Participant: 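Encoded as structure tokens, here's the structure I'll be asking about.
Note that the coordinates shown come from a computational prediction; the quantities given were computed from them, not determined experimentally. A, B, ... follow the sequence lines: proteins, then strands. Residue 1 opens every chain.
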Amino acid sequence: MRVRFAPSPTGQLHVGNARTALFNWLLARGRGGTFILRIEDTDVERSTRESEAAILEDLRWLGLDWDEGPDTGGPRSPYRQSERLHLYQRYASELLASDRAYYCFCTAAQLEAGRQEALASGRPALYACTCRRLSREQAQARIGAGEHPAVRFRVPAERDVVFTDAVRGDVRFHTDVISDPIIVRADGHPAYNFAVVVDDALMDVTHVIRGEDHISNTPRQILLYEALGFTPPTFAHLALVMGPDHSPLSKRHGATSVAEFRSKGYLPEALVNYLALIGWSPRGHGGDDEELMPAPELARRFALEDVGHSAGVFDEEKLAWVNRHYLKIADLMRLAELSVRYFNEAGVPMSPDRRGLEFLASALTMANVSVDRLNQVPARLALLFAYDAEAALRDPDVASEMRAEAARDVVRALAEELTTAPRLDRETFRAVANQVKARTAQKGKALFHPIRIALTGRPDGPELDLAVPAIDRGAELPPDAGIPKIIGNRERAAEFVRAIARNR
RNA sequence: GUCCCCAUCGUCCAGAGGCCCAGGACGUGGCCCUUUCAAGGCCAAAACACGGGUUCGAAUCCCGUUGGGGACGCCA
């Protein structure tokens, strides 16, 4: 089995295309097949090397590795259409020679006029030009006169083209509704319908899995396979991915490219797992199986026959849920490394060394279970890097809570206990809390909430058992660890007591 | 307009004639847990687009309607 993903390098990798790539990859990996990456850059105007590089990077990030491609090479190289021009030329000449293709001298304006007319008269907007009946001599004469014709494939009349789509079953088209496609442009570059056929055939692609928008191209491609003497592959057309309003997913729905989801802090394994769930389900019969599983497991279970026929709406809420799952089980050092950029973006400049990363990793235990995405980590961990007792007291709720004498007692007792206490870890913090409890006779929320406010500067946040030790671990960090200065618990408590005194 | 594809909870899926007065998940609501916010646990509301057939019996098969999507490019 040989499958391929064939993006045109004209922009960012869209999640819909990423899903197409994923389905190809899943099939190849699950069946011991070969996954080919081919760059369809025959549109000289729009294709760029930058886009190509970006797409490759996105695919790598997703973990969709390819066995043959423009960078890795392979037995059917080259894998960039712009480097295969001689092949298309050869097959086009063959078609021309056998009269299965012909030269077309029509101008863009003429064609457009013909389209308008057809549309206006309620007839299928089919191309019908007189070039089809030009004799070889006439055509040669015009070429000799300096004209640059395109080459069209002659679609046979009065025929039914039927193919069995691996996800939809039989699909039938009548050739009367298929116009003669351009196979070579006037500039000598092959057109899509021609290049795919030549490449898929020459690369021995056995299964063409692509978006549903290609379904109506399939009959002309099948005709081309026949004319060229090739055997058509199995086709499988995937329903498109839609936005919440059921229109094709686009920028106005928000993020659409893999790169955007990446920079928002989604994990690649989450995007992959989620994308696989649009239009497909790993569940067999019974319907209560788990749907969260790593890519190899997805591949093991994947089958084209199980792919749904209808379009799916991209649901970022569910993506977020999948991401939360992977955040919870991810290696903390990895998350620490990934989080650095988000701190910098959030205005907490840092470039941690190993010690700094280890500190971040330990602090991440209070963020990775409660955040949707990595870009929310800085906010969740803000208590570490920003401490301002005065600012905390400007919060009306905090202020009113701290007007109570009992709460003040707690904070004062805390500050006193801390003057003699060592840096806090989980155990010593509990000991201190117990001391404060004994001295003030406060317990539960009345005890811990004032402590929380005094130490973290805010009324909500991660568990104190996690936050308090993290603060002191941060305070102990050497200045050259690459982490911004973190004020310790002792200093925070003292500062808070002074702030209360000033604000009475 | 013509051709093609599609149609189960708000969303993603399960369901391949009786197991379905339709199951799971996300989201939503409630409850529990809890020193806060989350997280987690439990419970609940929520759908077979419509109309005809076929059949003893249809979410499942057929036809039509409606709705959505795609294509009709010297874009891919």
Participant: Treating primed atoms plus P, OP1 and OP2 as sugar-phosphate and everything else as base, which nucleotides of nucleotides 58-63 of chain B get B, S or - for protein heavy atoms under 4.0 Å?
Facilitator: ------

Participant: Quantified in whole Å, what is the C1' atom distance between nucleotide B/C5 and nucleotide B/A47?
Facilitator: 23 Å

Participant: Can you find an N or O donor on one side and an acceptor on the other, under 3.5 Å apart, linking the side chain of A/Arg380 with the base of B/C37?
Facilitator: yes

Participant: Pairs in or reaching into residues 431-441 of chain A: which pass salt bridge (charged side-chain N to carboxylate O under 4.0 Å, His left out), with residues at least two apart or in two chains?
Facilitator: A/Glu416-A/Arg439, A/Glu417-A/Arg439

Participant: Please tabulate, one pair per line, each protein N/O and nucleotide N/O from nucleotides 44-51 of chain B that are separated by under 3.5 Å, including the distance.
Facilitator:
none

Participant: Tell me whether A/Lys445 is salt-bridged to A/Glu401, with the criterion being a basic N under 4.0 Å from an acidic carboxylate O.
Facilitator: no

Participant: Below 3.5 Å, does any donor atom in the side chain of A/Asn217 face an acceptor in the base of B/A71, or the other way round?
Facilitator: no

Participant: Please name all residues satisfying side-chain contact (heavy atoms from CB on, under 4.5 Å) with A/Asp245, sequence neighbours left out, ordered by chain then number.
Facilitator: A/Ser247, A/Arg252, A/His253

Participant: When rounded to the nearest Å, what value does the distance between C1' atoms of B/C61 and B/A71 take?
Facilitator: 29 Å

Participant: Hey, could you give me each pair passing side chain to side chain donor-acceptor pair (under 3.5 Å) that has a residue in residues 373-386 of chain A? Not counting sequence neighbours.
Facilitator: A/Tyr266-A/Arg373, A/Ser370-A/Arg380, A/Arg373-A/Asn375

Participant: Please determine if A/Glu40 and A/Arg4 form a salt bridge, counting it only when a charged side-chain N lies under 4.0 Å from a carboxylate O.
Facilitator: no

Participant: Using ring centroids (six-membered ring only for Trp), state whether A/Tyr274 and A/Tyr326 fall under 6.0 Å.
Facilitator: no

Participant: Measure from the side-chain heavy atoms of A/Phe448 and tell me the nearest of B/U35, B/G69, B/U2.
Facilitator: B/U35

Participant: Reckon A/Pro462 touches a base, only the sugar-phosphate, or nothing at all at heavy-atom distances under 4.0 Å?
Facilitator: base

Participant: Which residue pairs pass the ring pair (Phe, Tyr, Trp, His ring centres under 6.0 Å) test with at least one member in residues 169-197 of chain A, sequence neighbours excluded?
Facilitator: A/Tyr192-A/His214

Participant: Looking for any heavy atom pair under 4.0 Å, which part of the strands does A/Phe173 touch: base, sugar-phosphate only, or nothing?
Facilitator: sugar-phosphate

Participant: So that I know where these two stand, are A/Phe153 and A/Tyr102 an aromatic pair - ring centroids less than 6.0 Å apart?
Facilitator: no

Participant: What residues in residues 307-321 of chain A put a non-hydrogen atom under 4.0 Å from any atom of RNA chain B?
Facilitator: A/His309, A/Ser310, A/Ala311, A/Gly312, A/Val313, A/Asp315, A/Glu317, A/Lys318, A/Trp321

Participant: Test: salt bridge (charged side-chain N to carboxylate O under 4.0 Å, His left out). Region: residues 207-216 of chain A. Which pairs qualify, not counting sequence neighbours?
Facilitator: A/Arg168-A/Glu212

Participant: Please give the distance between the P atoms of B/A44 and B/A22 as a whole number of Å.
Facilitator: 13 Å

Participant: Heavy atoms under 4.0 Å, any strand shown: does A/Glu463 hit a base, just sugar-phosphate, or nothing?
Facilitator: base

Participant: Measuring only the P atom in each nucleotide, how far is B/G57 from B/G18? A whole number of Å is fine.
Facilitator: 14 Å

Participant: Which residues in residues 7-24 of chain A have a heavy atom closer than 4.0 Å to any atom of RNA chain B?
Facilitator: A/Ser8

Participant: Output the single nucleotide from B/C5, B/A39, B/U36 whose closest atom is nearest the side chain of A/Ile215.
Facilitator: B/C5

Participant: When we call it a touch if two heavy atoms are under 4.0 Å apart, what does A/Ala150 touch: a base, just sugar-phosphate, or nothing?
Facilitator: base

Participant: Using atom names, set out every protein N or O paired with an N or O of nucleotides 65-67 of chain B below 3.5 Å, distance rounded to 0.1 Å.
Facilitator:
none

Participant: So, using side-chain contact (heavy atoms from CB on, under 4.5 Å) as the criterion, who are the partners of A/Arg220 when residues are at least two apart?
Facilitator: A/Ile178, A/Ser179, A/Pro181, A/Asn193, A/Asn217

Participant: Sort and list the pairs that fulfil salt bridge (charged side-chain N to carboxylate O under 4.0 Å, His left out) and have at least one residue in residues 450-469 of chain A, not counting sequence neighbours.
Facilitator: A/Arg426-A/Asp465, A/Arg430-A/Asp465

Participant: Considering only the C1' atoms, how many Å lie between B/U36 and B/A45, rounded to the nearest integer?
Facilitator: 30 Å

Participant: Is the shortest side-chain N/O distance from A/Arg324 to OP1 or OP2 of B/G27 below 4.0 Å?
Facilitator: yes

Participant: Taking the nucleotide of RNA chain B with the nearest heavy atom to each, does A/Gln81 or A/Leu464 sit closer to the 5' end?
Facilitator: A/Leu464

